[in-house]
There are 2 protein chains.
Amino acid sequence: MPASNPESMSVQTEAKPKAAERIRRAARELFYRQGIRAIGVEEIVTQAGVTKPSLYRSYASKDELAAEYLRDYEQAFWKVFEAGKETHPHDARAQLMAYFEGLAQRATQPGYRGCGLTNAVVEYPGDDHPARKVAQAHKRKLRARLVALCEAMGSKAPEVLADGLLLLLEGTYASGQLFGRQGPARSLVAVAEQLIEASIA
Amino acid sequence: MPASNPESMSVQTEAKPKAAERIRRAARELFYRQGIRAIGVEEIVTQAGVTKPSLYRSYASKDELAAEYLRDYEQAFWKVFEAGKETHPHDARAQLMAYFEGLAQRATQPGYRGCGLTNAVVEYPGDDHPARKVAQAHKRKLRARLVALCEAMGSKAPEVLADGLLLLLEGTYASGQLFGRQGPARSLVAVAEQLIEASIA
DNA sequence: TGACGATGTTACCGATCGGTACGTATGATC
DNA sequence: GATCATACGTACCGATCGGTAACATCGTCA
C-alpha cells in the first residue's frame, strides 16, 4: 500500500486476491464431505490448484483453516435459517417451519453429511481446539434464537419448546447421515408441529 | 486344540486369554473418549500395557479393532436400553421412559461424549468402513425396536412416533457434547412425554 | 523333559502427516 | 528500465501414522 489512492483496492481490504479464496472453497467442500481429520492439507491445496506454502501464508495452521471453514459454514447456515423472515414476516412459526421443511428434505437425501459444526465437535472432543470453539459458540447462539422464536409464537414454556426443537434439529443432522432416504427425518415436520401445538394450546 | 478334552478351556471358546482383552478395554475407553481417528494404535497398546504385535495378533487392523469396539459398545447399549424390562414388565412406555430418564442425566454431565456408534458414523463418512457398517446396522435395529415399543404402547402412528423419539435420542447424543450441564437434554423427558401423549390420545 | 502356543522385545518399514526454508515469477511504481 | 513488495512454486523437514519381521521368553500340558 504505497501511500496515495487508497480506494485502488476493491472490496477486499485484507490481502486475499485469489489463492486464499480457492483454498477456502476447497477446504469447505472437503472438510464437510469427508471430515476435518480425514483431509490432509496436501489434498486441499491440490484440489484448490495451489501449493502448501500458499495455504500457510493465509492461514496459520490447519486447525485455524478448519475454524475459518466453520465460520463460513455458520454464515451460510444463518442465511438459510433466516430465509423465512422475508417469505413469512411477522410469523415466527412459519419462519421456523420453513427451515424445518427444507432441512427434512435435505436430510433424507443420500450422501447427506449433517451439520458441519456438530460434526466438528464430534471430531474434536478437546475444549481447546479452535474449530470446536466456533461450533460451540454457534450452537449457543442458535439455542438463544430458538428461544426467541418460541416466545414470539406464544409458547407457554419457550425454553422447553426450544430445547425440544433443538433436539429434533440435532437428531435430524445425525440421523440424516445414518439412514438413507426413508430415515426418521421424514417425520421431522410432523413431530415439530406436534410439539409446537402442545406448547401453544 | 490338540484333540481330546474339549472342555479344558473355560468360558472363552475363542483364543483370548489376556492381552486381547486388555487391548479391547483400552481401545474402548480411548476410542470413545477421544474418537477413533484421534487415537493411534501406539497409544492403545501403551494404555493396555502390551505391545503392537500383540494387537495385530488378535485384530487384523485398526479398522477391525474399531469395529470390534463398536460391537462391544452396542452390546453394552442394549443392556442399558432393555434394563426397564425387568423393573417395568408389560409396560412399554415405562420401559422406554426409564432409558430416557437415565440418558437425560448422563447427557447433561460435563465430559459427556454422546453415542459411540453415531460418532463413528460422523468420523467415517465412507460406506465401506467396517466400523460404520456396525453402527448403521445397529441404528436400524434400534429404529425397529422403537417402532415395536410404540406399537406396544398403543400409538396411533407408531412409525411417526418412533421417528420422533429417535430424533430426540440422536439429538440428545449430539447436544449432550455441545452444551454442558444446562443443555437441552434436560428437557428430553418432558418433550418425549408430550410426543407420546399426542400420539396416544 | 520337551514341545507348543501365546506374549514380549526390538527394530524397522513405507507412507503420510502438518509445516517451512528458500528461490522465482509477476506487476505496479518511480 | 531499475526497483521492490507481493504471491507463488520446488523441495524438503522431522514426526507420526498403521503395520511387520525376527527372535527371546514364559507357562501349560503331555
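So you know, we letter chains A, B, ... as the sequences are listed, proteins then strands, and number each from 1.
Between A:Ile44 atom CD1 and C:dT16 atom C1' there is a gap of 14 Å when expressed in whole angstrom units. Remark: C1' of D:dA7 and CG of A:Leu55 are 14 Å apart, rounded to the nearest angstrom. To the nearest angstrom, C1' of C:dG18 lies 14 Å from CD of A:Glu43. Taking atom CD of A:Glu64 as the reference point, atom P of C:dG19 lies 11 Å away to the nearest angstrom. Rounded to an integer number of Å, the gap from CG of B:Asp63 to P of D:dC17 is 15 Å. Rounded to an integer number of Å, the gap from B:Lys52 NZ to C:dC12 C1' is 10 Å. Rounded to a whole Å, the CZ atom of B:Phe31 is 11 Å from the C1' atom of D:dG18. Distance, A:Arg37 CZ to C:dT16 C1': 16 Å, rounded to whole Å.
Ring geometry for B:Phe77 against B:His138 counts as perpendicular: the plane angle is over 60°, on a 0 to 90° scale with 30° as the lower cut.
For D:dG18, the base has no donor-acceptor partner in the side chain of B:Lys62 [N/O atoms by modelled type, under 3.5 angstrom]. One donor-acceptor pair, N or O on each side, does fall under 3.5 Å between the base of D:dG9 and the side chain of A:Arg57.
Geometrically, A:Arg145 does not engage A:Phe81 in a cation-pi contact, judged by NZ or CZ lying under 6.0 Å from the ring centre and within 45° of the ring axis. For the pair A:Arg24 and A:Tyr69, the NZ or CZ position fails the cation-pi test of under 6.0 Å to the six-membered ring centre and within 45 degrees of the ring normal.
Distances were taken from every side-chain heavy atom of A:Ser54 (C-beta onward) to each of D:dG19, C:dG8, D:dG9; the shortest belongs to D:dG9. Of the candidates C:dT10, C:dA21, D:dG18, C:dT10 carries the atom nearest the B:Pro53 side chain, counting heavy atoms from C-beta on. Nearest to the side chain of B:Arg22, among D:dG18, C:dG8, C:dT20, sits C:dG8.
Side chain to side chain, A:Gln177 and A:Asn119 meet the donor-acceptor criterion of an N or O pair below 3.5 Å. Counting only N and O atoms by type, the side chains of B:Gln182 and B:Thr108 include no donor and acceptor under 3.5 Å apart.
Counting any heavy atom pair closer than 4.0 Å across all strands shown, B:Thr51 reaches a base atom. Using a 4.0 Å heavy-atom distance criterion, A:Ile39 is classed as a sugar-phosphate-only contact.
Side-chain N/O atoms of A:Tyr56 include none lying less than 4.0 angstrom from OP1 or OP2 on C:dT20.
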